[in-house]
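First comes the structure, then the notes that go with it.
Whatever order the structure lists them in is the order used to number ligands and atoms, beginning at 1. Residue numbers run from 1 in the order of the sequence given.
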Amino acid sequence: MDLRGRSFLTLKDFTSEEINYFLELAAKLKADKKKGITHNTLAGKNVALLFEKPSTRTRCAFTVACADEGAHPEYLGKGDIQLGKKESVEDTARVLGRMFDGIEFRGFKQEHVELLANYSKVPVWNGLTDTYHPTQILADLLTMEEHFGHLKGLNFVYVGDGRNNMANSLLIGCSKVGVNVTILAPKSLWPQESLVKECEQYGKESGASVTITDDIDAGVQGADVVYTDVWCSMGEEDQAAERVALLRPYQVNDELMKKTNNDKTIFMHCLPAVKGNEVTEEVFEANADIVFDEAENRMHTIKAVMVATLGNKCLI
Ligand code: CP
Ligand code: NVA
């Protein structure tokens, strides 16, 4: 499959075959790395890593993936460049595009990552915006595939803030690859109706169901995966008290996990986690192996995205 030159801004832009290709490539890169094999597919490439918001996993994943495949990563943090302040995003994009071969962006506006892609003319990878977090979803799907041996037909339940970047992206990713997806959240935190309609359409093509509910007992019934994220995303800290009050009944705890009536349900989290809020220490620790596989898989999947869109050879 030839994905060279493509940007990775939202999973909406990719077919289920393309998403599965990223997963297959990531699995190969992971297996090879465990054997001490890397491929130098990004030799001679320079990659800009733009971070308006903080990051542990995403920054480290891009940096290590670049080093493994022979590229030079350059970190440009919040205070380092003029993006959107003293210089327009379009101008910064044109400058970076003249010097770098690929650009990662983590920030607030989805519109900015789109402008970067349109104006830089090099592949741009979305490392999280307020709206989407698509590289995280590849890591989540890879982790589920490793654990269950397949994706199609799994029952995936996301519990918590149902309209944040993670909920939006999981809804798209799961419905595209045939994973039955439920967003379990209070009505005021449901995803946008237009996004739900779009995902229902993806689900019709892949065979996945899409359910949005605020009913905890019915929502978690039969779940293979219970997934949550922080109740307050980066940039929303002023809403913390209100969110905690609203989401308290949706905490992932032993009682909620029992309601799945499935003793094989796994818990997943994109991290960082606020234990005692969205998940209890007990549920988190009982599933720590899965959660940290998920974190490790950020690196293998981000590497796959860069190798597929910027690499100098086709590995599969
Ligand atoms: N999951 C995730 O994106 O983590 P970071 O914020 O640490 O990059
Ligand atoms: N929804 C979270 C995800 C962090 C990886 C945030 O945007 O802060």
Side-chain angles (χ1 to χ4, degrees), residues 8-11 26 47-66 73 75-78 103-113 125-144 158-173 183-185 189-192 195 225 227-240 242-244 246-247 250-252 267-275 277-279 284 287-288 290-306:
F8 189 83
L9 308 180
T10 162
L11 288 174
V47 169
L49 304 179
L50 270 56
F51 282 85
E52 287 183 336
K53 292 177 178 175
S55 165
T56 302
R57 281 142 288 268
T58 309
R59 174 181 177 176
C60 296
F62 272 99
T63 305
V64 172
C66 280
Y75 179 79
L76 299 163
K78 192 168 154 250
I103 301 169
E104 179 276 352
F105 174 78
R106 164 172 288 201
F108 294 88
K109 295 187 179 160
Q110 180 69 17
E111 187 201 336
H112 284 178
V113 79
W125 308 296
N126 183 352
L128 179 148
T129 63
D130 290 347
T131 320
Y132 301 120
H133 194 9
T135 61
Q136 177 70 49
I137 284 36
L138 293 183
D140 299 340
L141 293 175
L142 180 63
T143 308
M144 285 155 61
Y158 172 94
V159 190
D161 179 1
R163 36 97 273 161
N164 72 8
N165 42 18
M166 281 308 307
N168 290 343
S169 295
L170 285 165
L171 200 50
I172 300 166
I183 302 289
L184 173 55
L189 294 175
W190 280 8
Q192 276 185 3
L195 179 67
V225 181
Y227 194 114
T228 192
D229 181 18
V230 288
W231 287 345
C232 239
S233 289
M234 288 178 273
E236 299 182 332
E237 289 76 10
D238 58 329
Q239 296 171 48
E242 183 191 318
R243 284 284 169 71
V244 170
L246 184 62
L247 285 167
Y250 293 83
Q251 182 188 64
V252 180
F267 166 76
M268 293 177 68
H269 196 307
C270 56
L271 302 179
V274 183
K275 294 170 207 167
N277 268 6
E278 73 270 10
V279 62
F284 186 94
N287 291 272
I290 299 276
V291 172
F292 292 106
D293 278 350
E294 201 183 345
E296 176 189 332
N297 285 339
R298 297 298 310 288
M299 201 280 287
H300 306 297
T301 45
I302 280 173
K303 190 188 281 179
V305 170
M306 287 199 289

Donor-acceptor contact present, side-chain [X] to main-chain [Y], <3.5 Å:
| X | Y | result |
| --- | --- | --- |
| Q136 | M166 | no |
| S169 | H133 | yes |
| E278 | A273 | no |
| E236 | S233 | yes |

- Task: Classify the contact between L271 and ligand 1 as side chain, backbone, both or neither, using a heavy-atom distance cut-off of under 4.0 Å.
- Result: backbone
- Where does R59 meet ligand 1, judged by heavy-atom distances below 4.0 Å: at the side chain, the backbone, both, or neither? neither
- Query: Does R106, backbone or side chain, put an N or O under 3.5 Å from an N or O of ligand 2?
  - Reply: no
- Relative to the heavy atoms of H133, which atoms of ligand 1 are at a distance of less than 4.0 Å? 2 (C), 3 (O)
- Among D161, T56, N165, T58, the residue with a heavy atom nearest to atom 7 (O) of ligand 2 is N165
- Note on the structure: Counting from 1 in the order shown, the ligand 2 atoms closer than 4.0 Å to a non-hydrogen atom of N164 are 1 (N)
- Message: At less than 4.0 angstrom from any non-hydrogen atom of L128, what atoms of ligand 2 do you find?
- Response: 3 (C), 4 (C), 5 (C), 7 (O)
- Identify the heavy atoms of L170 and Y158 that sit nearest to each other, and give their distance. CD1-CD1, 3.6 Å
- Message: Polar contacts were defined as any N/O atom of the residue lying under 3.5 Å from an N/O atom of the ligand; does this apply to C270 and ligand 1?
- Response: yes
- P272-ligand 1 polar pair, N/O distance under 3.5 Å: no
Can you tell me how far [atom2] of [Y] sits from [atom1] of [X], rounded to the nearest 0.5 angstrom?
| X | Y | atom1 | atom2 | value |
| --- | --- | --- | --- | --- |
| Y227 | I290 | OH | CD1 | 12.5 Å |
| Q110 | T10 | CD | OG1 | 6.5 Å |
| H269 | N287 | NE2 | CG | 12.0 Å |
| N126 | E104 | CG | CD | 8.0 Å |
| S55 | Y75 | OG | OH | 7.5 Å |
| L50 | H112 | CG | NE2 | 11.5 Å |

What residue and heavy atom of the protein are closest to [atom], and at what distance?
| atom | value |
| --- | --- |
| atom 8 (O) of ligand 2 | M234 N, 2.8 Å |
| atom 4 (O) of ligand 1 | R57 NE, 2.8 Å |
| atom 6 (O) of ligand 1 | R106 NH1, 2.8 Å |
| atom 3 (C) of ligand 2 | D229 OD2, 3.6 Å |
| atom 7 (O) of ligand 1 | T56 N, 2.7 Å |

- Note on the structure: Honestly, for D130 the part within reach of ligand 2 (heavy atoms, under 4.0 Å) is neither
- Message: Below 4.0 Å from ligand 1: does a non-hydrogen atom of R298 turn up there or not?
- Response: yes
- Query: Going by heavy atoms, is L271 under 4.0 Å from ligand 2?
  - Reply: yes
